[in-house]
Amino acid sequence: MDGLAEALRAVTPMGVVVAVCSVLSWIAGGVLGWTELVVAGVAGVLVFLACLSWAVGRNLLAVRFTLDKERVVRGKPATCVVEVAGKRAGGRLLAMELELSVDDEVHVVEVPGLVSGQVHSEFFPIPTDRRGVVEVGPAVTVRGDPLGVLRRAVEWGGTRELFVHPVTVALGPLGAGMLRDLEGYTTTDLSTSDLAFHTLREFAPGDDRRHIHWRSSAKLAASGSDGKFLVRQYLDTRRARLVVAVDGDRAAYTSDEDFETAISVAGSLALRAVQDELDLTLFAGGQVVLDANAQSSLDGLARVKPVSMGLDDLTTRAAQLAPDATVVVVVAGAARTFPELLRACGQFPSDIRRAAITVSSEGTAGITENVGLTVATVRDLDDLRAVLAGGPLA
């Protein structure tokens, strides 16, 4: 009964027409006494039942599909492997079609008749000419009759993701001032407890007695200043955190390729930051990756799509989610003016390093030193290494 119910659910619109018209013709022929209608109705019902036998029964097979890689750089080859194994003992499975969804396209695999234990494998490439996340699956086996009356589809497996990462370029260190040692780097902010010693001052109520410098206090007492203690004053140290914010507004770029170059610039900076052991936060369009590593950065960039978000809104959100930022790089399109870039970077404190990189395939590569902000321009990814060697982040 379960097999029959499943088969009935597989009836196509054509099958419904055949079944309904056949039954009505049989009934009308019997009522009106028209032998031709009765014969046509009986023939239609027999055809439907014959086609029904194609869909009745269990799928005694196993279907598996795998990706040779889960992550690949844009333009590099990626392959999907589909395996169909027969499991019908003492018999042979009929030939069928297997459909595998690859994003919005459907790849059709013609599966021949299989005996128990026989495996049919097929390899086919997955397009990687565009950055993004390619959804592969599920696999669907299709059983049906030659007349198209019935179509029985069974899903196998779920959906797998292939991350197509942006193309990146190897960069040198992001600047000597960006390098972080085990103790972080010092700021001009004073602190009562840290690692970078700054000076000595008089003890004040609320100071921790553990920071009293007893030797200097003793010398001060010996000089006649009774009752005064000196405590250590430190400079606050912080871990360097690089924040990379990519303008996700497509209207800010002169072409789609410029937008892709901006994503590649962000990916190159992210990989270099990971190599330099810098804390990294990435904002690109609607994607946010906190405490990013190499894989999570590139995965996040693979998911980036153009969004309708102002550059100020992007950097405001970045400043809120990364309040400990020490270096900020804004990557934007050529349509952004200097006042817009300055206002966007102004969402971050003025005492941290701030720079902007604009992408313009029709412009001139170089660095422009402006009051309050350094702006670098690249035409393509090949310009990035040379431009950064000029020290916009140093």
Side-chain angles (χ1 to χ4, degrees), residues 169 171-179 185 187-189 238 240-255 257-259 261-270 272-273 276 278 280-285 309-394:
V169 63
L171 302 176
L174 296 180
M178 290 277 291
L179 298 181
Y185 76 92
T187 69
T188 57
D189 299 332
R238 301 175 187 170
R241 176 175 292 277
L242 172 65
V243 174
V244 179
V246 183
D247 187 0
D249 190 349
R250 174 60 184 82
Y253 300 87
T254 56
S255 66
E257 194 57 37
D258 279 2
F259 179 75
T261 300
I263 301 298
S264 294
V265 167
S268 302
L269 291 172
R272 184 66 245 186
D276 289 343
L278 302 173
L280 173 65
T281 301
L282 185 64
F283 295 83
M309 177 185 294
L311 187 58
D312 289 351
D313 296 334
L314 174 67
T315 54
T316 298
R317 187 182 181 193
Q320 293 173 347
L321 296 179
D324 58 341
T326 55
V327 181
V328 175
V329 179
V330 175
V331 184
R336 297 298 186 185
T337 63
F338 175 75
E340 289 179 306
L341 296 174
L342 183 62
R343 185 169 60 250
C345 292
Q347 307 301 324
F348 293 89
S350 59
D351 60 341
I352 68 173
R353 300 182 185 92
R354 300 178 297 182
I357 299 177
T358 59
V359 179
S360 176
S361 57
E362 301 175 354
T364 302
I367 299 175
T368 304
E369 297 286 348
N370 296 288
V371 178
L373 182 66
T374 299
V375 180
T377 301
V378 297
R379 294 166 301 183
D380 51 38
L381 195 58
D382 294 335
D383 291 335
L384 183 60
R385 185 187 294 110
V387 166
L388 290 183
L393 300 181

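For the numbers below, each heavy atom of this structure counts, side chains included, while hydrogens, waters and symmetry mates do not.
- Here the straight-line distance linking atom CG of L384 with atom OG of S268 works out to 5.5 Å at 0.5 Å rounding.
- Shortest non-hydrogen contact noted between A376 and V387 is CB-CG1, 3.3 Å.
- Annotation: the span from T261 atom OG1 to D383 atom CG amounts to 9.5 Å, rounded to 0.5 Å.
- Scanning for side-chain hydrogen bond (donor to acceptor under 3.5 Å, both in side chains) contacts around R250 gives D256, with sequence neighbours left out.
- Remark: side-chain polar atoms of D313 are not paired, donor with acceptor, to backbone N or O of M309 under 3.5 angstrom.
- T358 is linked by a side-chain contact (heavy atoms from CB on, under 4.5 Å) to L341, V375, T377, counting only residues two or more places apart in sequence or in another chain.
- A distance-only check finds a donor-acceptor pair linking the side chain of T315 to the backbone of L311 [under 3.5 Å].
- Here salt bridge (charged side-chain N to carboxylate O under 4.0 Å, His left out) pairs that include residues 355-366, with residues two or more places apart or in two chains, number zero.
- Y253 is linked by a ring-ring contact (aromatic ring centres under 6.0 Å, His included) to F259, counting only residues two or more places apart in sequence or in another chain.
- Listed here is the closest heavy atom pair of L314 and G285: CD1-O, 4.0 Å.
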Practice item. I would like to know whether V265 and V246 meet side-chain contact (heavy atoms from CB on, under 4.5 Å); could you show each step before the answer? Key: CA-CA 9 Å; V265 167; V246 183; over 6 Å; no

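- Under the rule for a side-chain hydrogen bond (donor to acceptor under 3.5 Å, both in side chains), the partners of D312 that lie at least two apart in sequence or sit in another chain are R343.
- The shortest heavy-atom contact between C345 and V330 is SG-CG2, 3.7 Å.
- In terms of heavy-atom proximity, A322 sits nearest to R241 at CB-CD, 4.4 Å.
- Annotation: side chain of V169 is not in contact with side chain of D382 (no heavy-atom distance under 4.5 Å).
- S361 and D258 form a side-chain donor-acceptor contact under 3.5 Å, judged by distance and modelled atom types alone.
- When side chains are defined from C-beta on, T326 does not count as touching L278, because their heavy atoms never get closer than 4.5 Å.
- A search for side-chain contact (heavy atoms from CB on, under 4.5 Å) contacts involving S264 returns P166, V167, L381, not counting sequence neighbours.
- R336 is linked by a side-chain hydrogen bond (donor to acceptor under 3.5 Å, both in side chains) to D247, counting only residues two or more places apart in sequence or in another chain.
- Summarising the geometry, atom CD belonging to Q320 is positioned 9.0 Å from atom CD belonging to Q347; distances are rounded to the nearest 0.5 Å.
- By the side-chain hydrogen bond (donor to acceptor under 3.5 Å, both in side chains) test, D249 is found to be paired with no residue, residues two or more places apart in sequence or in another chain being considered.
- Among residues two or more places apart in sequence or in another chain, the side-chain contact (heavy atoms from CB on, under 4.5 Å) test is passed with R272 by L171, P173, L174, Q275, D276.
- Under the side-chain contact (heavy atoms from CB on, under 4.5 Å) criterion, A318 pairs with V243, F283, F348, sequence neighbours left out.
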When you look at L388 and L269, which way does the side-chain contact (heavy atoms from CB on, under 4.5 Å) test go after all the steps? CA-CA 10 Å; L388 290 183; L269 291 172; 3.7 Å; yes

